[in-house]
Amino acid sequence: TARYKELFKRTKEAGKDALILKAVDILVNLDFFHFVLKSELKKSLIKKWEYFLEIALSIEKEPVYQELKQKIKEIKNRQK
């Protein structure tokens, strides 16, 4: 878990474009979330994505951030 936090921290330090690119990367991968079968892994992924949203607040006005935030919310609501 500390690994992804370090990765996101380095991404943030690399600047706005790096954060946007990472947001796009996560957004594309969300389409495959339904293939994850283990409940604990699902929870872990959601936690990881929510952490990214916290780290990436500097791009919160970007459309990709808003789309990512919405998709994560939808996925999280389906898990309840």
Side-chain angles (χ1 to χ4, degrees):
T1 57
R3 208 169 148 191
Y4 76 82
K5 289 182 178 182
E6 181 61 32
L7 170 69
F8 292 161
K9 181 182 171 197
R10 287 194 318 262
T11 303
K12 182 178 181 178
E13 289 169 357
K16 180 181 177 180
D17 289 343
L19 283 172
I20 290 172
L21 188 58
K22 188 62 182 169
V24 170
D25 179 49
I26 295 170
L27 190 57
V28 168
N29 285 302
L30 289 180
D31 290 337
F32 301 98
F33 183 78
H34 65 279
F35 288 116
V36 178
L37 301 176
K38 295 183 179 182
S39 178
E40 287 304 311
L41 180 55
K42 287 181 178 185
K43 290 176 186 175
S44 176
L45 288 169
I46 291 168
K47 182 178 175 182
K48 177 180 172 181
W49 299 329
E50 288 178 327
Y51 181 78
F52 175 78
L53 290 176
E54 291 174 24
I55 288 290
L57 280 173
S58 61
I59 63 164
E60 70 179 329
K61 293 192 186 320
E62 297 294 328
V64 68
Y65 181 95
Q66 293 301 318
E67 186 177 352
L68 179 60
K69 184 176 177 180
Q70 181 60 37
K71 269 198 151 179
I72 291 170
K73 181 180 176 183
E74 290 169 8
I75 287 172
K76 190 174 178 181
N77 287 338
R78 283 194 299 252
Q79 299 310 304
K80 292 180 179 177

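Residues take their numbers from the sequence shown, with the count starting at 1. On a predicted model such as this, the values are computed, not experimentally measured, just so you know. Hydrogens, waters and symmetry mates play no part in the numbers below; they use all other heavy atoms, side chains included.
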* Hey, quick one: are Val28 and Leu7 part of the same hydrophobic cluster, counting side-chain heavy atoms closer than 4.5 Å, chains of contacts allowed? -> yes

* Are Leu53 and Leu21 linked, directly or through other ILVMFWY residues, by side chains that come within less than 4.5 angstrom of each other? -> no

* Asked: Would Lys16 and Glu62 pass as an ion pair if we require N to O under 4.0 Å?
  -> yes

* State whether Lys43 and Glu40 are salt-bridged, where the test is any N-O pair (Lys NZ or Arg NE/NH1/NH2 against Asp/Glu carboxylate O) under 4.0 Å. => yes

* Could you tell me whether Trp49 and Phe33 have their ring centroids closer than 6.0 angstrom? => yes

* Ignoring hydrogens and geometry, is there a side-chain-to-backbone donor-acceptor pair from Asn29 to Asp25 under 3.5 Å? -> yes

* Checking Tyr65 side chain against Leu57 main chain: does a donor-acceptor pair fall under 3.5 Å? -> no

How many angstroms lie between atom [atom1] of [X] and atom [atom2] of [Y], to the nearest 0.5 angstrom?
X	Y	atom1	atom2	result
Leu19	Phe52	CG	CZ	5.0 Å
Ile75	Leu30	CD1	CG	4.5 Å
Tyr4	Leu45	OH	CG	10.0 Å
Glu6	Thr11	CD	OG1	9.5 Å
Lys42	Leu37	NZ	CG	7.0 Å

Which atom of [X] lies closest to which atom of [Y], heavy atoms considered:
X	Y	answer
Ile59	Ala23	CD1-CB, 4.4 Å
Glu50	Ile72	CG-CG2, 4.2 Å
Leu27	Leu68	CD1-CA, 3.8 Å

* **Atom NZ of Lys76: over 12 foreign heavy atoms under 6.0 Å** => no

* Just wondering, more than 12 heavy atoms not from Lys69 lying within 6.0 Å of its NZ? -> no

* Structure fact -> From the list Lys73, Gln66, Glu67, Glu74, side chain to side chain donor-acceptor pair (under 3.5 Å) with Gln70 holds only for Glu74

* Check against side chain to side chain contact (heavy atoms under 4.5 Å, CB included), Glu54 and Phe8 -> CA-CA 10 Å; Glu54 291 174 24; Phe8 292 161; over 6 Å; no

